[in-house]
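Structure first, then comments.
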Amino acid sequence: MNKMKLICMFLVLSLLHTSASAEMADLTTNINDSNILEILDGLSWIPDGPDNGRHIYVLGAGWCPACKALYKRTRGLNKKVQFRWIMLSPKSPYEQCVNANLALSRDPLLLAKYYGRVKIKCSDDKKAAIIDEWNQISVNFVQVKLQEKIGPLGYPCLLYYDGTRLQVTTGVPSDLTRLIENVVPRETDQKSYARAVRVMPEKLDLFSLKSDKIVVKADKATIYCGPTEDSLPLASLDKNDVIGAQGIIKLDNGKMWIHVPLLKNGIGGWTLMENYGTQK
């Protein structure tokens with residue numbers, strides 16, 4: 001086993017950190033070249049350009065000068081392909097707030113202001129924060145899997161389909177026009193697009209738990225990136241496992257989901273409340 005693969009295995013285990021004692025089975029081994037673009041389809045990306053089967057996902061950051069340079073270079077080119085921006089890795093509360101508002105609104109005009117260095121008025125919003133977290137944790141695990149194959153990734157990171165397989169490149173391509181010519185349309189189900197926004201209720205209520213520890217009552221329970229079984233599964237738990245929990249949301253379909261912190265900074269996933277009870 002090579003050094004890069006060992007490092008990436010360590011990263012996966014580190015990402016699946018939780019304060020509870022449960023041994024979680026890693027489900028992110030199912031992430032691979034054939035489904036990475038499908039995972040990104042379901043996130044809350046910002047559509048830069050008209051709907052197009054030919055598209056490029058761009059993983060970017062507000063503080064990143066190369067991302068801003070790429071944004072400027074793609075003006076006009078977004079008529080040939082659609083650029084789908086997912087904003088990540090904030091370095092300040094302001095950037096985190098803007099990323100969350102972009103994730104909720106999916107507004108390309110707001111993205112243009114952001115890269116135009118226009119100060120954006122944004123407010124804390126629970127729904128926006130949940131959708132932004134969904135983006136972050138999903139892409140975290142995608143990046144770990146990509147690093148196993150191609151090594152360290154930087155921003156911006158461009159992902160697209162060339163008719164045969166997934167292509168990934170970082171930085172601002174020297175010949176962006178030629179890269180765009182290599183992008184081949186993908187047949188996708190538009191119902192899966194931006195699932196992170198569509199499943200959230202119009203009015204979001206976040207409830208507290210009586211205990212910060214929950215115990216699995218079902219034979220198995222799964223933790224997902226978002227509060228839907230259509231999102232990326234991260235880990236599974238066995239009956240009687242105990243894990244930490246932070247809060248509950250109720251969706252329009254009546255299902256209730258519990259937030260489970262997975263990363264040391266509190267970012268986590270979601271699991272169906274019906275599979276758990278509180279620890280006595």
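The shortest distance between side-chain heavy atoms of Y161 and L37 falls below 4.5 Å. Side-chain contact between L179 and I56 is present, with at least one heavy-atom pair separated by less than 4.5 Å. Within the 4.5 Å cutoff, no side-chain heavy atoms of L77 are placed close to those of K79. Between W257 and V199 the shortest side-chain heavy-atom distance does not fall below 4.5 Å.
A salt bridge links R84 to D41: one of the charged nitrogens lies within less than 4.0 Å of a carboxylate oxygen. Checked for salt-bridge contact, E181 and R178 miss the test: no charged N lies under 4.0 Å from a carboxylate O. Under the 4.0 Å criterion applied to side-chain N and carboxylate O atoms, K203 and D205 are assigned as salt-bridge partners. A salt bridge between D48 and R75 is present, with a side-chain N of the basic residue lying under 4.0 Å from a carboxylate O of the acidic one.
Checked against disulfide bond (SG atoms under 2.5 Å apart), C64 has no partners two or more places apart in sequence or in another chain. The side chain to side chain donor-acceptor pair (under 3.5 Å) check on D51 picks up nothing, with sequence neighbours excluded. Judged as a ring pair (Phe, Tyr, Trp, His ring centres under 6.0 Å), and not counting sequence neighbours, the contacts of W85 are Y71, Y115. Remark: C157 engages no residue in a disulfide bond (SG atoms under 2.5 Å apart) (not counting sequence neighbours).
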- Task: Go through Y224 and I137 one step at a time and tell me if the side chain to side chain contact (heavy atoms under 4.5 Å, CB included) criterion holds.
- Result: CA-CA 10 Å; Y224 298 89; I137 198 164; over 6 Å; no
- Evaluate the criterion salt bridge (charged side-chain N to carboxylate O under 4.0 Å, His left out) for residue pair K255 and E229; output intermediate values, then yes/no. CA-CA 11 Å; K255 290 190 175 183; E229 292 166 286; 3.4 Å; yes
- Message: If you apply the rule side chain to side chain contact (heavy atoms under 4.5 Å, CB included), what do you find for Y276 with V215, and how did you get there?
- Response: CA-CA 5 Å; Y276 297 84; V215 58; over 6 Å; no
- Task: Give the intermediate values and the outcome of side chain to side chain contact (heavy atoms under 4.5 Å, CB included) for residues D33 and R165.
- Result: CA-CA 7 Å; D33 284 7; R165 59 184 181 274; 5.6 Å; no
- Task: Please step through side chain to side chain contact (heavy atoms under 4.5 Å, CB included) for the pair I36 and V168, ending with a clear verdict.
- Result: CA-CA 11 Å; I36 282 176; V168 183; over 6 Å; no
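Using modelled atom types, one side-chain atom of R73 and one backbone atom of P173 make a donor-acceptor pair closer than 3.5 Å. With hydrogens and angles disregarded, a donor-acceptor distance shorter than 3.5 Å links the side chain of Q82 to the backbone of G49. Listed for the N101 side chain is no donor-acceptor partner under 3.5 Å among the backbone atoms of N99. Using a distance-only test at 3.5 Å, with no hydrogens or angles considered, a donor-acceptor pair links the side chain of T271 to the main chain of T222. No donor-acceptor distance shorter than 3.5 angstrom exists from the side chain of D241 to the backbone of L237, with no hydrogens or angles considered. Judged by distance alone, the side chain of K127 and the main-chain N or O of E202 form a donor-acceptor pair under 3.5 Å. The closest donor-acceptor contact from the side chain of Q96 to the backbone of S92 lies at 3.5 Å or more, if one exists at all. Between the side chain of R54 and the backbone N or O of K80 there is at least one donor-acceptor pair closer than 3.5 Å.
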Please report, to 0.1 Å, the donor-acceptor pairs under 3.5 Å made by any side chain of residues 128-136, with sequence neighbours excluded.
residue, atom, partner, partner atom, Å
D132, OD2, Q136, NE2, 3.0
E133, OE1, H259, NE2, 3.0
E133, OE2, H259, NE2, 3.0
E133, OE2, G268, N, 3.0
N135, OD1, S44, N, 3.0
N135, ND2, S44, O, 3.3

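Residues A103 and R106 share a closest heavy-atom pair of O-CG, 3.6 Å. Closest approach of Q246 and G266 over heavy atoms only: OE1-O, 3.9 Å.
Pairs engaging residues 166-177 under the side chain to side chain donor-acceptor pair (under 3.5 Å) rule: D162-Q167 [sequence neighbours left out].
Linking Ile, Leu, Val, Met, Phe, Trp and Tyr whenever their side-chain heavy atoms come within less than 4.5 Å puts I267 and L59 in one cluster.
Heavy-atom contacts from other residues, nucleotides or ligands closer than 6.0 Å to CG of D124 number 12 or fewer.
Cation-pi geometry between K119 and Y94 is met: under 6.0 angstrom from the ring centre, within 45 degrees of the axis.
W270 contributes atom CH2, which lies 13.0 Å from atom CG of L234 (distance to the nearest 0.5 angstrom).
In this structure, a donor-acceptor pair under 3.5 Å is present between the side chains of S89 and Y155.
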